[in-house]
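Only a predicted model underlies this, so the values are computations on that prediction, with no experimental measurement involved.
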Amino acid sequence: MALLEIRNLQIDFGAVRAVDGVSLSIAEGETLGLVGESGCGKSVTALSIARLLTTPPARYAGGEILLQGRDVLKMSGAELRSIRGAVVSYVFQEPGASLNPVFRVGKQIRESLLLHRPEKANDGEVIRLLKLVGIPAPESRARDYPHQLSGGMQQRVMIAMALASEPKLLIADEPTTALDVTIQAQILELLTELKKRLGMAILLITHNLGIVGDLADRVVVMYAGQVIEEASASELLARPLHPYTRALIQSVPELGHSSERLHAIPGTVPSPGQWPPGCRFAPRCSMAKPDCDAALPELLETSPGRRVRCPLWNS
């Protein structure tokens with residue numbers, strides 16, 4: 001049984017559909033990369049897993065979110081509180097905005113422990129968690145306020161808080177966006193090490209296909225509220241089938257390859273409610289045919305575990 005299985009999820013904001021029939025799954029101990037540009041619906045999908053979207057304006061219009069076999073969309077408030085943190089935990093992309101500026105970081109980690117493992121809510125466990133995420137001199141850092149730490153250290157504190165509850169699934173939503181390249185590499189290496197050590201599953205949300213190859217087991221690509229491709233990370237990077245996935249890969253700069261200009265995808269992701277008819281990527285696609293706007297393409301299974309939403313995938 002999958003740890004997480006999302007089936008045909010539909011999420012509306014007023015009269016606008018932001019997530020349109022998304023299906024994906026994550027096995028225990030697996031890392032899934034969820035990839036796409038800003039505005040594709042990645043974060044909305046991720047927040048829905050623990051039903052963190054404010055309703056209204058959000059409305060779960062259809063589908064199922066099965067976490068350990070239980071449908072999150074049918075859970076009571078008490079049941080939701082029992083899975084938030086304990087089963088699924090989040091690391092967000094702006095640690096400086098997520099941490100409380102008026103409390104020391106040790107106190108904030110201890111609060112997470114009090115909620116989920118009260119018997120461990122002590123200085124010793126706080127220090128252990130800070131050591132686990134690679135923070136030097138943890139006894140001293142626990143007494144610091146967030147503004148006294150670098151962006152990379154703040155993100156490590158956020159990861160320590162997420163791990164305090166010993167979750168089965170860690171959702172990392174653009175965890176390296178605000179960090180420089182060196183610190184990005186350190187955070188990704190830390191997530192890889194923690195996955196191996198703790199055996200937890202990870203949902204890594206990113207707009208950058210360049211960082212998923214070393215960390216993810218499988219990749220799901222989203223565009224305009226839909227899944228448009230799914231494959232193992234190695235297959236997808238070696239042979240992307242959807243024109244959008246190919247364009248994302250081509251836009252990643254390569255070390256050792258000089259170029260006067262980086263490849264860019266023309267246009268922008270259409271806003272929810274303004275999706276074009278037929279294939280939603282067609283207006284930006286270099287392979288588009290006149291009939292691509294005739295009907296929305298189906299998500300085809302080209303081989304076991306491999307799906308693509310494009311009839312031209314073999315062209």
Side-chain angles (χ1 to χ4, degrees), residues 9-24 33-48 57-58 93-94 173-174 176-178 204-213 216 219-231 233 236-254 257-300 302 306-315:
L9 179 64
Q10 298 169 321
I11 300 174
D12 295 345
F13 287 85
V16 175
R17 179 146 296 173
V19 172
D20 189 14
V22 166
S23 297
L24 58 84
L34 187 58
V35 177
E37 295 169 278
S38 297
C40 285
K42 308 183 305 298
S43 294
V44 172
T45 299
L47 289 170
S48 72
Q93 61 179 296
E94 293 286 352
D173 189 354
E174 301 276 11
T176 62
T177 295
L204 175 64
I205 301 168
T206 180
H207 62 275
N208 185 358
L209 266 170
I211 70 173
V212 301
V219 179
V220 168
V221 182
M222 285 188 67
Y223 185 80
Q226 294 182 322
V227 172
I228 62 164
E229 185 162 3
E230 178 183 358
L236 185 130
L237 293 174
R239 185 171 174 257
L241 300 182
H242 198 284
Y244 179 62
T245 311
R246 295 173 193 165
L248 284 178
I249 293 175
Q250 289 170 1
S251 66
V252 177
E254 295 184 52
H257 290 75
S258 60
S259 176
E260 293 184 3
R261 187 168 185 157
L262 289 174
H263 174 80
I265 307 173
T268 59
V269 180
S271 300
Q274 298 178 351
W275 291 324
C279 175
R280 294 175 183 175
F281 185 60
R284 307 174 68 191
C285 181
S286 61
M287 296 177 58
K289 306 294 183 184
D291 59 349
C292 283
D293 60 359
L296 186 67
E298 297 291 328
L299 191 59
L300 308 171
T302 62
R306 181 128 216 213
R307 301 185 295 166
V308 64
R309 192 184 293 276
C310 179
L312 306 175
W313 67 269
N314 206 22
S315 300

Write down the atom of [X], the atom of [Y], and the distance for their closest heavy-atom approach.
{"X": "Pro240", "Y": "Thr245", "answer": "CB-CG2, 3.7 Å"}
{"X": "Pro270", "Y": "Tyr223", "answer": "CD-OH, 3.3 Å"}
{"X": "Ala58", "Y": "Phe13", "answer": "CB-CE2, 3.6 Å"}

For this session: Going by the side chain to side chain contact (heavy atoms under 4.5 Å, CB included) test, name the single residue among Val220, Leu299, Val221 that passes it with Ile228.
Result: Val221

Exercise. Under the side chain to side chain contact (heavy atoms under 4.5 Å, CB included) criterion, do Leu236 and Leu209 qualify, and how do the steps go?
Worked result: CA-CA 10 Å; Leu236 185 130; Leu209 266 170; 3.8 Å; yes

Report yes or no: does [X] contribute a side-chain atom to a donor-acceptor pair with the main-chain N or O of [Y] at less than 3.5 Å?
{"X": "Arg17", "Y": "Gly273", "answer": "no"}
{"X": "Arg309", "Y": "Pro297", "answer": "yes"}
{"X": "Lys42", "Y": "Gly36", "answer": "yes"}
{"X": "Glu174", "Y": "His207", "answer": "yes"}
{"X": "Arg306", "Y": "Ala231", "answer": "no"}

Exercise. Do Ser48 and Ile11 have side-chain heavy atoms sitting under 4.5 Å apart?
Worked result: yes

Problem set entry | Heavy-atom side-chain proximity of Cys292 to Leu312 below 4.5 angstrom | yes

Exercise. Without hydrogens or angle criteria, can the side chains of Tyr244 and Glu229 be said to hold a donor-acceptor pair below 3.5 Å?
Worked result: no

Problem set entry | Criterion side chain to side chain contact (heavy atoms under 4.5 Å, CB included) on Met222 and Val44, from CA distance to verdict | CA-CA 12 Å; Met222 285 188 67; Val44 172; over 6 Å; no

For this session: Verify side chain to side chain contact (heavy atoms under 4.5 Å, CB included) between Ile265 and Gln250, making sure each step is shown before the conclusion.
Result: CA-CA 9 Å; Ile265 307 173; Gln250 289 170 1; over 6 Å; no

Problem set entry | Chi angles and distances behind the side chain to side chain contact (heavy atoms under 4.5 Å, CB included) call for Gln274, Val16 | CA-CA 9 Å; Gln274 298 178 351; Val16 175; over 6 Å; no

